[in-house]
Enquirer: 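The structure's right below; bear with me while I get my questions together.
Computation of the quantities below employed the complete heavy-atom set of this structure, encompassing side-chain atoms and omitting hydrogens, waters and symmetry-equivalent molecules. Remember, it's a predicted structure, so these values are computed and weren't measured experimentally.
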Protein chains: 2
Amino acid sequence: MAQAPSATDSGSAGTRVATVRTARYANMQELLFFAYRDFTAGPDAILSEYGFGRAHHRVLHFVHRWPGLTVADLLEILGITKQSLARVLKQLIDAGHIEQKTNVRDRRQRELYLTDEGENLAAALSAPQWRLIEQALHAAGTEHYDAIVAFLRRMIDEDGRLAMGALEDHRRRSEGD
Amino acid sequence: MAQAPSATDSGSAGTRVATVRTARYANMQELLFFAYRDFTAGPDAILSEYGFGRAHHRVLHFVHRWPGLTVADLLEILGITKQSLARVLKQLIDAGHIEQKTNVRDRRQRELYLTDEGENLAAALSAPQWRLIEQALHAAGTEHYDAIVAFLRRMIDEDGRLAMGALEDHRRRSEGD
DNA sequence: TATGATATGTCAGCATGACTGACTTGTTCG
DNA sequence: CGAACAAGTCAGTCATGCTGACATATCATA
């Protein structure tokens, strides 16, 4: 396997090293573009049967993963505006996939939960993505799982990593990991 | 490092294994969502200064990587309709970032090239993405480059992998690899 | 050479999912 | 009591995808 150049390489082979690095980075750009496009293609096809879009998938996904989260939490995770979220959230509630419960300690807050129907839809949407991930992990070699996770995590900015950390903590508490 | 379960695992530890797999896949779903979002955030900020969007970036990227490609090639790579492409392509041509040359062997075809200005913009857009990739590869360990590429490649469907293969062949020929 | 196929360009209209800005309602807390 | 906060809503804009229809120039071939 080829050795990747480090950022501090220099000397007579400097130009050649820069060329290799450039080719790798440009290749990665394309891989990420195509991979993300095909990763979302499976769920998108299911969603269109319900008249939903990718935004609905994201809401279903995060409410599934973080039961009881508030609208404000969701806005922060998704990085969209309240008005953008309101539309898709209302459609999901009207369709019976999500229900809201008033927080008993602070009655201003609405906790979001998936209904049974919502859980079923969320599972159906995840299925094609999990198949892809399973295939891809197998192709990469499952022993590289941690490296792949480290790669993707470092692509996420500081705020996003913090949000994911909070999500993991919440899941551990609520699922008794 | 933990071993990933295979799809054929069974027996008394089956439930535990399925739980580990489920957690990994759900984690990957989120990582891909956040990583792609932040990966596109850098270029998006630059593009908005020009009144361009992500679609313009994709066109600039592929014309840079595949100089002389035709409109039909671009449609196939991007997987969008002629009408959708026409809008952004026209804006890029009008703004002087892309120029068209009639193919001398088949005067129906228009070959697409970046102008110097287009090359500069394409390079500026790639810079933040390359920084992220460099950081991420370093965090993952550069020795895992091939595994990460294998992972991403296998996420892409058959057609997409063929398109990328054609792109690589073309680049090798035109850059004398 | 006439005809059909191909590559490109264009018009008109539609849907989704982002955005900004302004405002209301209900609730909490100092 | 009043400010701050969580959520909901109205009105309008923009980017980027889509369908369908049609025009033009060029090529290939019967």
Side-chain angles (χ1 to χ4, degrees), chain A residues 33 36-38 40-41 43-61 63 68-95 98-113, chain B residues 33 36-38 40-41 43-61 63 68-95 98-113:
Chain A
F33 164 64
Y36 193 75
R37 191 185 66 175
D38 291 346
T40 54
D44 284 355
I46 298 169
L47 288 158
S48 68
E49 296 170 20
Y50 290 78
F52 293 156
R54 204 170 290 179
H56 301 81
H57 184 191
R58 292 201 280 259
V59 171
L60 287 169
H61 175 90
V63 175
L69 92 175
T70 66
V71 171
D73 293 332
L74 204 42
L75 289 177
E76 199 183 330
I77 291 172
L78 297 176
I80 60 175
T81 60
K82 188 172 48 166
Q83 297 89 330
S84 297
L85 175 60
R87 191 168 25 203
V88 298
L89 188 54
K90 190 172 191 306
Q91 289 172 311
L92 287 167
I93 291 168
D94 290 349
I98 286 186
E99 55 186 358
Q100 292 176 302
K101 294 177 185 168
T102 299
N103 181 317
V104 290
R105 300 208 287 195
D106 184 340
R107 295 171 49 77
R108 290 174 302 182
Q109 292 187 354
R110 304 279 178 272
E111 296 174 345
L112 302 174
Y113 296 90
Chain B
F33 164 63
Y36 193 74
R37 190 187 65 176
D38 291 345
T40 53
D44 284 354
I46 298 170
L47 288 159
S48 67
E49 295 170 20
Y50 291 78
F52 293 154
R54 203 170 292 179
H56 301 82
H57 183 190
R58 292 201 281 259
V59 171
L60 288 168
H61 175 90
V63 175
L69 93 175
T70 65
V71 171
D73 292 333
L74 203 43
L75 289 177
E76 200 184 331
I77 291 171
L78 297 176
I80 61 175
T81 60
K82 188 174 47 165
Q83 297 89 329
S84 298
L85 175 60
R87 192 164 27 203
V88 298
L89 188 54
K90 190 171 191 306
Q91 289 173 311
L92 288 167
I93 292 168
D94 290 349
I98 285 185
E99 57 186 356
Q100 293 177 302
K101 294 177 185 166
T102 300
N103 181 317
V104 288
R105 299 209 288 195
D106 184 342
R107 295 170 48 79
R108 290 173 301 181
Q109 292 187 354
R110 304 279 175 272
E111 296 174 346
L112 302 173
Y113 296 90

Enquirer: Of the nucleotides D/dG17, C/dT8, C/dT10, which has the atom closest to the B/Ile80 side chain?
Expert: D/dG17

Enquirer: Considering heavy-atom distances to DNA chain D, does A/Ala86 or A/Asp106 have its closest nucleotide positioned more toward the 5' end?
Expert: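 Result of the comparison: A/Asp106.
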
Enquirer: Can you tell me if A/Glu99 has over 12 outside heavy atoms packed within less than 6.0 Å of its CD?
Expert: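 Atom CD in A/Glu99 is packed in, count exceeds 12.
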
Enquirer: If you assign A/Val104 and A/Leu85 each to the DNA chain C nucleotide with the nearest heavy atom, which residue ends up on the more 5' nucleotide?
Expert: A/Leu85

Enquirer: Assess whether one donor atom and one acceptor atom, taken from the side chain of A/Arg107 and the base of D/dA6, lie less than 3.5 Å apart.
Expert: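 No, no donor-acceptor pair under 3.5 Å.
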
Enquirer: Would you mind reading off the distance between A/Leu78 atom CG and D/dA7 atom P, rounded to a whole angstrom?
Expert: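 Nearest whole value for this atom pair: 13 Å.
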
Enquirer: How many Å lie between CZ on B/Arg87 and C1' on D/dC14, as a whole number?
Expert: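 That distance rounds to 11 Å.
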
Enquirer: Residues from residues 49-59 of chain B sitting under 4.0 Å of DNA chain D, heavy atoms only?
Expert: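 Of all residues in residues 49-59 of chain B, the ones placing a heavy atom under 4.0 Å from DNA chain D are B/Gly53, B/Arg54, B/Ala55, B/His56, B/Arg58.
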
Enquirer: Roughly how many Å is it from CD in A/Gln109 to P in D/dG8, rounded to a whole number?
Expert: 11 Å

Enquirer: Using side-chain contact (heavy atoms from CB on, under 4.5 Å) as the criterion, point out the one residue from A/Leu92, A/Leu112, A/Leu89 that pairs with A/Val63.
Expert: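 Single pass found, and it is A/Leu112.
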
Enquirer: Which part of the nucleic acid, if any, lies within contact of A/Gln100, taking any heavy atom under 4.0 Å across all strands shown: a base, the sugar-phosphate backbone alone, or nothing?
Expert: sugar-phosphate

Enquirer: How close or far is atom P of D/dA6 from atom CG of A/Leu112, stated in whole angstroms?
Expert: 14 Å

Enquirer: Starting at CG of A/Leu75 and ending at C1' of D/dG8, how long is that distance when rounded to a whole Å?
Expert: 12 Å

Enquirer: With rounding to the nearest 0.5 Å, note down the distance linking CD in B/Gln83 to CZ in B/Arg87.
Expert: 9.5 Å

Enquirer: At what distance, to the nearest 0.5 angstrom, does CD of B/Glu111 lie from OG1 of B/Thr70?
Expert: 8.5 Å

Enquirer: Measure the CG-NZ distance between A/Leu85 and A/Lys90 for me, rounded to the nearest 0.5 Å.
Expert: 13.0 Å

Enquirer: Using whole Å, what does the distance between atom C1' of nucleotide C/dT6 and atom CZ of B/Arg110 come to?
Expert: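 Rounded to the whole Å, the gap is 12 Å.
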
Enquirer: Looking only at N and O atoms, is any donor in the side chain of A/Arg108 or the base of C/dT28 less than 3.5 Å from an acceptor on the other one?
Expert: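 A donor-acceptor contact between them is absent.
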
Enquirer: Can you check whether A/Ser84 has a side-chain N or O nearer than 4.0 Å to OP1 or OP2 of C/dG17?
Expert: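 No, A/Ser84 has no side-chain N/O under 4.0 Å of OP1/OP2 on C/dG17.
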
Enquirer: Starting from P on D/dT16, measure out to CG on B/Leu92 and report it in whole angstrom.
Expert: 10 Å

Enquirer: Verify, without hydrogens or angle tests, whether A/Arg58 (side chain) and B/Phe33 (backbone) share a donor-acceptor contact under 3.5 angstrom.
Expert: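 Checking the backbone N and O of B/Phe33 against the side chain of A/Arg58, no donor-acceptor pair under 3.5 Å is found.
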
Enquirer: Please check: side-chain N/O of A/Arg37 versus main-chain N/O of B/Leu78, any donor-acceptor pairing under 3.5 Å?
Expert: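 Yes.
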
Enquirer: For nucleotides 22-24 of chain C, give me every protein contact, N/O to N/O, under 3.5 Å, one pair per line with atom names.
Expert:
residue : atom : partner : partner atom : Å
C/dA22  : N6   : A/Gln83 : NE2          : 3.4

Enquirer: Crowded around A/Gln91 CD? As in, over 12 foreign heavy atoms under 6.0 Å?
Expert: yes

Enquirer: Does B/Thr81 place a side-chain N or O at less than 4.0 Å from the phosphate oxygens OP1/OP2 of D/dC18?
Expert: yes

Enquirer: Any chance the side chains of A/Arg54 and A/Thr40 put a donor and an acceptor closer than 3.5 Å?
Expert: yes

Enquirer: Between P on D/dC14 and CD on B/Gln91, what's the gap in Å once rounded to a whole number?
Expert: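 After rounding, the reported distance stands at 13 Å.
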
Enquirer: Using 30° and 60° as the class boundaries, would you call the ring planes of A/Tyr50 and A/Phe52 parallel, tilted or perpendicular?
Expert: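 Correct class here is parallel.
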
